[in-house]
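Note that ligands are numbered from 1 as they come in the structure, with each ligand's atoms numbered from 1 the same way. Quick note: residue numbers are just sequence positions, from 1.
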Amino acid sequence: MEIGFIGLGQMGSAIAGNLVKAGHDVTVWNRSADKTRPLVEIGARRAETPTGAAAGKVVFTMLANDQAVERVVFGDDGVLASAARPIHVSMSTISVALAERLTEAHAASGGDFISAPVFGRPSFAAAGKLAVVAAGDDKALEVCEPLFAAIGQRTFKVGAAPKNANVIKLCGNFMILAAIESLAEAMTLAAKNGVEKATLLDVLTNTLFGSPIYQTYGDILLHERFEPAGFAAPLGLKDMNLVDSAALSSRVPMPFLGVLRAQLLATIARHGEDIDWSALGKVVTENSGL
Ligand code: NAP
């Protein structure tokens, strides 16, 4: 299928690579043009503008935040300026409000909009093992099915309203950070009482907490693998702010969200912008005096 891919960061590079390897005709665009080189080397074409990457049947965006998506969609040389009217598949973690704005803008221009944020870190993206959470028009979703199959291990269709997928993604990231915080607190409590962190994890992740989140992040916390960042702490902070906006506008008090955001802010203040969000575990340890 002739497709475009915009945004070649850690996630986008890996996802676009799998689309090329699956035999699709992929045209890529990235703000920093040098990141297109590895994709071009395996067979992709490079577009000069986001509009140029939106000339096929489908165009993906995988960008840092709302501002980046707004720039590549609504800009003068953006996706909406393309006469081809491709199906726009937005995979970035963005606000519910922007998903609604994109839905309206695409409907007004006669195109389809699918929200398809993903769960899984860059290593999962590289292995084609993401979980894709997709929402939008059924026929457009059907067109995208082989593309989702090339990048993920499972696609969840979560309704006709694209924003459904963004709500689920934000709920998921809130729960992941809550799991990291509780894991870090429990591991620190164990360590201060003379119990090996590895022993605690062995018991809990092989019994009541046998879930990929506790296993993956338990291992990261145990070995303190916070650099290089797989999911940078400022992106996590962005997501907690998106959860907060959604909670405010839908009048849902989320007191625990405040704790998580403060911990993440402390992590960035103490350890810099380039650290993984799970380095929140360092702050928990430091606060315990260890
Ligand atoms: P990343 O490595 O920081 O990549 C960000 C991408 O956005 C780059 O292509 C960057 O371009 C582009 N960008 C940023 N600001 C821009 C702007 N103003 N205009 C145009 N392009 C802009 O981030 P990532 O880890 O791939 O994450 C991408 C998205 O996926 C985020 O929404 C994140 O929350 C979500 N996500 C991440 C993970 C993860 O584990 N990493 C997992 C699931 C979902 P440059 O190359 O020019 O900087």
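- For F231, no nitrogen or oxygen atom sits less than 3.5 Å from a nitrogen or oxygen atom of ligand 1, counting backbone and side chain alike.
- Residue-to-ligand polar distances keep Q67 apart from ligand 1: every N/O pair is separated by 3.5 Å or more.
- By heavy-atom distance, the residue among R31, R71, Q10 lying nearest atom 18 (N) of ligand 1 is R31.
- Of all the listed residues (S90, P234, G120), G120 holds the heavy atom that lies closest to atom 42 (C) of ligand 1.
- Contact atoms of ligand 1 toward L8: 9 (O) (distance under 4.0 Å to a heavy atom of the residue).
- When the heavy atoms of P50, A33, S123, G230 are ranked by distance to atom 41 (N) of ligand 1, first place goes to G230.
- On a distance-only criterion, A64 and ligand 1 share at least one N/O pair closer than 3.5 Å.
- Listed by atom number, the atoms of ligand 1 under 4.0 Å from G7 heavy atoms are 9 (O).
- Taking every non-hydrogen atom of P122 and a distance limit under 4.0 Å, the qualifying atoms of ligand 1 come out as 39 (C), 40 (O), 41 (N).
- For ligand 1, the polar-atom distance check against V118 finds no nitrogen or oxygen pair separated by under 3.5 Å.
- Here the heavy atom of the protein found nearest to atom 12 (C) of ligand 1 is L63 CD2, 3.7 Å.
- Geometrically, ligand 1 and N30 share a nitrogen or oxygen pair separated by less than 3.5 Å.
- Any N or O atom pair closer than 3.5 Å counts here, and M62 shares no such pair with ligand 1.
- Of the candidates K238, E70, M11, the one placing a heavy atom closest to atom 26 (O) of ligand 1 is M11.
- Between G12 and ligand 1, no N or O atom pair is found at a separation short of 3.5 Å.
- In terms of heavy atoms, K238 sits closest to T93 at NZ-O, 2.9 Å.
- In terms of protein heavy atoms, atom 44 (C) of ligand 1 is closest to T93 OG1, 3.8 Å.
- A side-chain N or O of S95 and one of D66 form a donor-acceptor pair less than 3.5 Å apart.
- At the shortest separation from atom 23 (O) of ligand 1 among protein heavy atoms lies L235 CD1, 3.6 Å.
- Near K169, the atoms of ligand 1 lying under 4.0 angstrom from a non-hydrogen atom of the residue are 43 (C), 44 (C).
- The proximity of K35 to ligand 1, defined as any non-hydrogen pair under 4.0 Å, is limited to the side chain.
- Relative ring orientation between F113 and H106 is described as parallel, the plane-to-plane angle staying below 30° on a 0-90° scale split at 30° and 60°.
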